[in-house]
Each structure stands twice: as structure tokens, then as C-alpha cells.
Visitor: 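Please find one structure pasted underneath; my questions will follow.
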Amino acid sequence: MNSVYEAMTDAVFIADIETKKLLFCNSQAETMTGRSRDELIGMQAEDLHPTQFAEPIRQVFEESKVRLPSVEDSEVLTASGRRIPVFISTSFIRFEGRGALLGIFRDISSWNEADLERRRLWAAIEQLSEAVLITDAEASIIYANHAFFRMTGYGEEEVIGMIPGFLNSGEQNQETVEEMWKTLRAGRKWKGEFVNRKKDGTHYIDETAISPVFDRGGELVNYVSVKRDVTGRKAEEDRRRLEREEMEDVVELRLQELREAYDTITLQEKMASLGRLTAGIAHELNNPLQLVRMNADILAYQIREMKSLFSSYRDYIMERSCPDATSSLPEDLQRLEEESDFDTRDEEMRKAYEVLMNGVQRMERIISNVQKTFSIEKTSEQQEWDLNIGIREIVEILYNEYKYGTKVEVYSEGVLPLMCNRQEIQQVLISLMSNAFEAIRSIGKSTGTGSGEIVIRSWSGEETVSFSISDNSSGIGPEERKKVFEPFYTTRSQKSNTGFGLSLVYEIVVNRHGGTIAFENSESGGTLVTVSLPRGV
């Protein structure tokens, strides 16, 4: 290496990075300073310059410790006291096993002002943190600054004369390259990103701005590109984007939980309001209903009395008449009896009374159920009860009504003890099973062919007792499943359902027993409802 330095036309000095003492100089350094090599070796580096350059020289040494090359304007003070203007290019090297500063001194005494300005421009480019490449019109590299060598790991002799495409990692989008050349050939500046590869094989993201350079005649002479390694910035942007997306997911999840909690609270408030409303309505309806029953009974009693009296009159007449008593009745009376068709009207009145009383009794049952359901407090008495026994009892009660055309399978072995309000859970079972039967019947599967099917299962968890009821009906859609617990909502005809059933089931299971209830599609395509209740025993 010393022979290389000796062959150079510029003066070369090497100084210890810590002590700043000169360790080496070539023959051109002797000529420039007017001092012998023996005089120069051991001198302090700042002693080569006039005193006003001492601080900039110390700064160069400090920057070189972190391996920052630089180009400086300075002066060399010769042995005779003459001041020679120089450009100094410095860089950190290892010399004789220690850290050292290499300085290449070029005498610029003969340069004119234009040369100086040009040199200062090159010096500024050399000190840029961005990599700079200059190519000829055929895109062959003719210059690269130190930042480019630091960024890519290549040396000057490895890149001069090369096409910048040698940096291509193979991951680059070809459309980007084609768009770049199209823009540059149109004489416009292009800016974009490349995925390039360093000398050690590491891939990095190269943010590049390329400008075409034209001479005075408008001919393309060069391309100048300024490049920046933005791998770290991109990685940070990706990290922040992922964090933002994760945060958005968390926020959306929390919002969904809040919406569900709000829906639950709203439903509970609806149920509480419904409880107060129905209790009041039931009370108000019960009084006039009792009047209807009482007057219907009075009317039936009066009809029976009138019928008895009429029969007595007929018997009396018949006893005092010939055997053909009817024919002996006065003609006008006989005509009225025939027109009135008393026996038929009697049967019609009897049937009308039965229909009326059936309606009254049904209304009384509805009012009683509503009052019973909404008047039971959360502190209602609970007792231990076998859920499996309850399931079998309810199936037996309902089976007679739906036994034709519907197959019911029950999987509930053993004992499932549960601390609950038995009457309320029985009501839940009745409501859910009735819904399943009604859903099957509504699509025509319960037609005597046995195509309708209901499966009831029960099981025990660590702290819960659960049961499910599934059917092979047409099921409940996603939007309907969101509304099934709302008061007055029903998927059935309003003639056959008031919409109270499932809202009351929700009230009993969730609010009164602290359980859960969920609807989903069954394997057969129908509806599967699952209820879980705290064991409590």
C-alpha cells in the first residue's frame, strides 16, 4: 500500500486517530511542505496548517472516529512560511494495527475560480448522506459518492462503468422499471422505489430520484440519481400500520362488545317495561273479563230457565190434548213454533255458549300466565330439581298434541340436578318445544308422514347444566336471530302467536337464573337452541 501512496501525484499523510501524530507521508508530502520525512513523522497534524485551521482539523479527526469521510478546503504551511491552498480528502483506515486518518492533499494553487467552484461542488456531493450516482447517456456509471459505497458495500473500482441494474435483487416489479424509462426518455424527472441488493446479498428498499441532464444543444448527456436507503423507515411504517390495524381490530371488538352489552341492557329494560305494562294490562283486562264470564253464566242460566219453562208449557198442553197434541195446537201458535225451530236454536245457543266460555277460559289462561311470569321476582323461591325428569314430563304433555307426523328423540340419561324455579324452567321447556313443533308444522313436515323431527339433548358441565332442542324446519335467518328475544317480535303468523314467548324465555333464563341462551342453525338445516343454567348445587 505504501508503494501506491508513493506513486500518487498528491501529498499523502497518515496520522494516529487518537494522538493526531503523523505516522506516514509520501515524497509528494516532502515536496509540498519543504520538510524531510524524518521531520514530518511525529509532528502533530494541525502543525501542518496555519493556526486558524487548527479547530477544523480537530473536527475532522473527531468525525473520522465514526468513519465519516470528508473533503475540506485548507492551507498547508511550508517550512519557509509559505501558505499553499489545498483540498484535503480524509477517511478512516487501519494502519499498522491502529486506527488512523488518511489525508490526501491536492495543491490547488494553479486552479482558477471556476475550478474551485467545481471542486467545492464535488466536495459537497461527497459529504451528502444520500447516495449519488452519475451515469452517461447509456446509463453506465461514471461517478458515485462515498454514501453510495457505504449504502451498497461496493468499492469504486467495482461500480464505475457498470449499469445500475446490477443492484437488482430480482424482486423488482418490471412495470416500475418500464414506467421509469418511459418517464426519463420523455425528459422528465422520475421518483420511485426499488428493491435492491447490497454486495453482501442483503436486500434493501432504495428510494430513488433520477433526473436526465441535457447539454446546451438539448442532447442527453447524463443521468443523475439521488438514492436513499429507506428499509428501516419502511419497516417502521409497516410496524406502525400493523399496530394501527391491530388497534382498530381491538377497538372494533370492544365496540362490538359494547353494542352487544347495550343491546342486552336495552332488552332488559324492554323486559322490565314490558313486565310493568303487561302486569297492568292483565289486571285491567281481568276485571271486565270476569264480568263477561259472570254475564255469560247469567245468560246461560236464564236460557236454561226459559227452556225449562217452555218445556213445561208444552208438556202441560200435551197432557190435556189428544195424542196428536201438536196438531191440536192453535194454528198461529203451531206456526210460530215451526218458524222458531226451537230445538235447533237451542243447540246453536249451547254451542255459542261453549265457544264463548272457551274464549273466556283461554283469555284467563293467558292473563294468568302473563301475571305469573312477570310477577315472579328474581328472589323467587328455588329448589333442587332434576332437569331430565322435567324434559321427559314436558315431552309427554306435548306429545299428544303433536304425535302425528313428528318424531321426537330425547337423549337425557342419568340425573341432572339443578337449583332453579321449577315452574319457570318448565315454562321455558314448553315454550321452546312448542316453537319447534310449530316450526315443523308451518312448513308442512308434520303431515302424518313422519318427516318432522325434533332432537332434545341434555348434559352437565363443570358448573352448568345445559339442554338443546333442534328441529329440521326451515330454521331462523341471521337477522331474525338478532331479534327473536325482542318483545312482540315473532316469525309466525300474528293469529297464532303474540310474540311474548321467547322474550319471556330470555327473561327467565338470563335475568332470573343467570344463564345463557343461543340460537343457530342445526345440522339438519333447521333451528338449534341451546340453554345453559348455573348448576347451583
Visitor: With a 3.5 Å cut-off and no angle check, do the side chains of D38 and S36 form a donor-acceptor pair?
Guide: no
Visitor: Side chain of T33, backbone of A29: donor and acceptor closer than 3.5 Å?
Guide: yes
Visitor: Calculate, to the nearest 0.5 Å, the distance between atoms CZ and CZ belonging to F105 and F87 respectively.
Guide: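 Answer rounded to 0.5 Å: 13.0 Å.
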Visitor: D16 vs K21, test: salt bridge (charged side-chain N to carboxylate O under 4.0 Å, His left out). Steps then yes/no.
Guide: CA-CA 5 Å; D16 185 282; K21 289 185 177 181; over 6 Å; no
Visitor: Is it true that S27 and E6 share a donor-acceptor pair across their side chains at a distance under 3.5 Å?
Guide: yes
Visitor: In sequence, state the C-alpha distance, the side-chain angles, and the governing distance for E236 and R239, and then conclude on salt bridge (charged side-chain N to carboxylate O under 4.0 Å, His left out).
Guide: CA-CA 5 Å; E236 179 64 17; R239 185 186 66 80; 2.3 Å; yes
Visitor: So, does D471 use its side chain to make a donor-acceptor pair with the main chain of T527 at under 3.5 Å?
Guide: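 At least one qualifying donor-acceptor pair exists.
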Visitor: Taking the side chain from E30 and the backbone from R37, do they hold a donor-acceptor pair closer than 3.5 Å?
Guide: yes
Visitor: Got a donor-acceptor contact below 3.5 angstrom from the D136 side chain to the N222 backbone?
Guide: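 Pair absent, no side-chain N/O of D136 close to backbone of N222.
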Visitor: Does any N or O in the side chain of N196 come within less than 3.5 Å of the main-chain N or O of D229, such that one atom is a donor and the other an acceptor?
Guide: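 Side chain of N196 to backbone of D229, a donor-acceptor pair under 3.5 Å: no, none is there.
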Visitor: So, the side chain of R98 versus the backbone of I17: is there a donor-acceptor pair under 3.5 Å, distance only?
Guide: no
Visitor: Please say which of K227, K191, E193 ends up in a side chain to side chain donor-acceptor pair (under 3.5 Å) with T208.
Guide: K227
Visitor: Does any N or O in the side chain of T530 come within less than 3.5 Å of the main-chain N or O of S468, such that one atom is a donor and the other an acceptor?
Guide: no
Visitor: Rounded at 0.5 Å granularity, tell me how far OG in S473 sits from CD in E453.
Guide: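 It is 12.0 Å, given to the nearest 0.5 Å.
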Visitor: On the 0 to 90° scale, with breaks at 30° and 60°, tag the F53-H49 ring pair as parallel, tilted or perpendicular.
Guide: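 The arrangement is tilted - the two ring planes meet at 30° to 60°.
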Visitor: Does D107 reach the main-chain N or O of A11 with its side chain, forming a donor-acceptor pair under 3.5 Å?
Guide: no
Visitor: Under the 3.5 angstrom rule, does the side chain of S169 hit a backbone N or O of V195 as a donor-acceptor pair?
Guide: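 Pair found, side chain donor or acceptor close to backbone of V195.
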Visitor: Closer than 3.5 angstrom, by distance alone: can the side chain of N145 be matched with the main-chain N or O of V132 as a donor-acceptor pair?
Guide: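 At least one qualifying donor-acceptor pair exists.
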